[in-house]
Amino acid sequence: MTNSVKTPTAAESAPFPYVALFVLATAVFMSVTAEMMPTGLLPEMSAELGVTESQIGLLVTLFAVAVVITAVPLSALTRRFSRHTVIVGVLLAVAATSTFSALAPTYGLLAVARVLGGTAHGLFWAVVGVYAAHLVPRHQIARAVAITTGGGTLAFVLGVPAATIVGHAFGWRVPFLAIAVLSLCASLLIAKRLPRMAAQVRAPRVPRARATADVRQQPGRRKRMDPTVPGVAVLCVVVGLLMVGHYSLYTYVTPFLIGQMGVPIGNVGAMLFVYGIAGALGLLVAGFLFGQRPTFGVGIALVVTGASVLVLSVWASNPWLSIPAFALWGIALGVIPTLMQARVLHVASPAITDTAAAFYSTAFNIGIGGGALVGGLLLSEFGLESLPVAYLLLLLVSGALLWISVIVSHRRHAATLS
């Protein structure tokens, strides 16, 4: 069986669907901005709500936990619905939960709003990658995913920094209201401009009597697991570990910038803007330099990330070293999520594409929630300086696991050919 997600409608000769992919990128921008806004507004939110910065960081964890719990079940429950309808509905839910967040008078109600937002976010990520892959031939998947996930990078370039600046000036509730209005507008844009994609078609049902006869004829035969499942599972574990390390530091990047790097609070938005621009550059690198070799690109990005975080751990107070390292970290993290998702879509067979995307989203958000939780615990017990150290340790583990999986894959491929 060929590992392909291409459908007959994705003809080789068809023009590249830039408009549709940019529309999807707009939806990604809204969803990621809504998810990550608390990271830039920790001081304001903790002061008004009367809780610690670690507790505000846990709002990211709650959001991610909701994604983890609901992504796969909701993906299965909505298989018979048009993917177009699902994405529009998810953006309307983002608008509603962002409004709820902006109006929440207490920390408890804000936590409820974040859980509801995470539920919508999980379904969104279970659908959007598959939608992008549906629009292009197999050899263009990495490029399509790079454009679509570019909306997430743009969220770090413009969304989170702009929300931080606006929140510092007018209060943290204003950015939540703004993202609610923009998400509503994006849902209308999607409804009008996104090509429709049918619901995933299930295999035809076999009559019960025939199935029973088949079983009697082959009593010792069991249903085989899809052969691409182990490869997808390993990639999900790797991305989960990577994101735990990343978000253990990034969730608390505002106090780290202020406390360890000595950045004035008024310049935090500008630093996040630098990080986002670097991520956009990384996205271009992912799409145009490593699009045909995603695993190699991830390996290079891991090395760059490790070097950058090491500098932030040892020389954070030296701006001549720490600011370039901060930017390089952003470039590397523009590469990794894009190529990891492209790799999952390459590895997964057509029969499990939706499921693989849902499990990838689940693993990614386990990393986000776990990272925010681990970072909050380390921040409370050991201080800001412990965050990059934990990140480095998890980079080593995930990098080793990825390397082992590549070796095993090559050996299996060689055995198949021999």
Side-chain angles (χ1 to χ4, degrees), residues 30-66 93-121 155-156 158-184 247-273 275-276 368-369 371-381 383-384 387:
M30 299 304 169
S31 186
V32 172
T33 301
E35 178 183 15
M36 299 310 303
M37 275 198 295
T39 62
L41 300 170
L42 290 178
E44 290 79 10
M45 296 177 73
S46 64
E48 181 177 331
L49 295 171
V51 297
T52 65
E53 291 183 347
S54 294
Q55 287 175 290
I56 297 299
L58 287 177
L59 293 174
V60 178
T61 298
L62 290 173
F63 193 101
V65 167
V94 169
T97 55
S98 296
T99 302
F100 188 6
S101 298
L103 301 178
T106 65
Y107 178 81
L109 289 176
L110 181 57
V112 171
R114 295 294 290 175
V115 170
L116 295 175
T119 301
H121 189 81
F156 288 103
L158 294 177
V160 176
T164 301
I165 293 170
V166 171
H168 288 167
F170 303 104
W172 65 268
R173 298 179 186 275
V174 174
F176 280 94
L177 285 174
I179 205 67
V181 173
L182 292 174
S183 295
L184 180 60
Y247 283 95
S248 65
L249 177 57
Y250 186 80
T251 303
Y252 305 95
V253 67
T254 296
F256 187 86
L257 288 168
I258 296 169
Q260 294 297 105
M261 294 177 62
V263 176
I265 189 170
N267 293 339
V268 168
M271 285 296 293
L272 293 178
F273 182 75
Y275 185 89
I368 294 175
L373 180 61
V374 169
L377 294 173
L378 291 173
L379 179 62
S380 299
E381 296 294 328
L384 290 166
L387 302 183

Are any non-hydrogen side-chain atoms of Leu257 and Tyr252 less than 4.5 angstrom apart?
no

Mind listing the closest non-hydrogen atom pair of Pro38 and Met45 along with its distance?
CA-SD, 4.0 Å

What's the separation between atom OG1 in Thr254 and atom CD1 in Ile265, rounded to the nearest 0.5 Å?
8.0 Å

Contacts of Gln260 that satisfy side chain to side chain donor-acceptor pair (under 3.5 Å) - sequence neighbours left out
none

Calculate, to the nearest 0.5 Å, the distance between atoms CG and OG1 belonging to Leu387 and Thr251 respectively.
9.5 Å

Can you sort out the partners of Thr164 under side chain to side chain donor-acceptor pair (under 3.5 Å), two or more places apart, ordered by chain and number?
none

Under the side chain to side chain donor-acceptor pair (under 3.5 Å) definition, can you give me all pairs with a residue in residues 30-45, not counting sequence neighbours?
Ser31-His121, Glu35-His121, Glu44-His168

Are any of the side-chain heavy atoms of Tyr275 and Tyr250 separated by less than 4.5 Å?
yes

Tyr247 versus Met36: any side-chain heavy-atom pair under 4.5 Å?
yes

Taking all non-hydrogen atoms of both residues, which atom of Ser248 and which atom of Val374 are closest, and how far apart?
CB-CG1, 4.5 Å

Give me the atom names and distance for the closest heavy-atom approach of Gly40 to Leu272.
CA-CD1, 4.4 Å

Calculate, to the nearest 0.5 Å, the distance between atoms CG and CD belonging to Leu378 and Glu381 respectively.
9.0 Å

Is the Phe100-Phe176 ring centre distance short of 6.0 angstrom?
no

So which heavy atom on Gly269 is nearest to which on Pro161, and how close?
O-CB, 3.6 Å

Report yes if the side chains of Ile56 and Leu49 come closer than 4.5 Å at any heavy-atom pair, otherwise no.
yes

Between atom CG of Leu110 and atom CG of Leu62, what is the distance when rounded to the nearest 0.5 Å?
9.0 Å

Return the CG to CG distance between Leu377 and Leu58, rounded to the nearest 0.5 Å.
7.5 Å

Does anything in residues 106-119 pair up under salt bridge (Lys or Arg N to Asp or Glu O under 4.0 Å), and if so which pairs, sequence neighbours excluded?
none

Here the side chain to side chain donor-acceptor pair (under 3.5 Å) pairs for residues 49-63, sequence neighbours left out, are Thr52-Gln55, Ser54-Ser380

Give, for atom CG of Leu41 and atom CG of Leu59, the distance between the pair rounded to the nearest 0.5 Å.
11.0 Å

Please tell me if the side chains of Leu103 and Arg173 come closer than 4.5 Å, counting only heavy atoms from C-beta onward.
no

How far apart are the C-alpha atoms of Phe256 and Leu249, what are their side-chain angles, what is the distance that settles it, and do they pass the side chain to side chain contact (heavy atoms under 4.5 Å, CB included) test?
CA-CA 8 Å; Phe256 187 86; Leu249 177 57; 3.9 Å; yes

Any pair counted as side chain to side chain donor-acceptor pair (under 3.5 Å), so long as it reaches residues 94-107, sequence neighbours left out
none

Quick one, Val174 and Leu177 - any side-chain contact, counting heavy atoms below 4.5 Å?
no

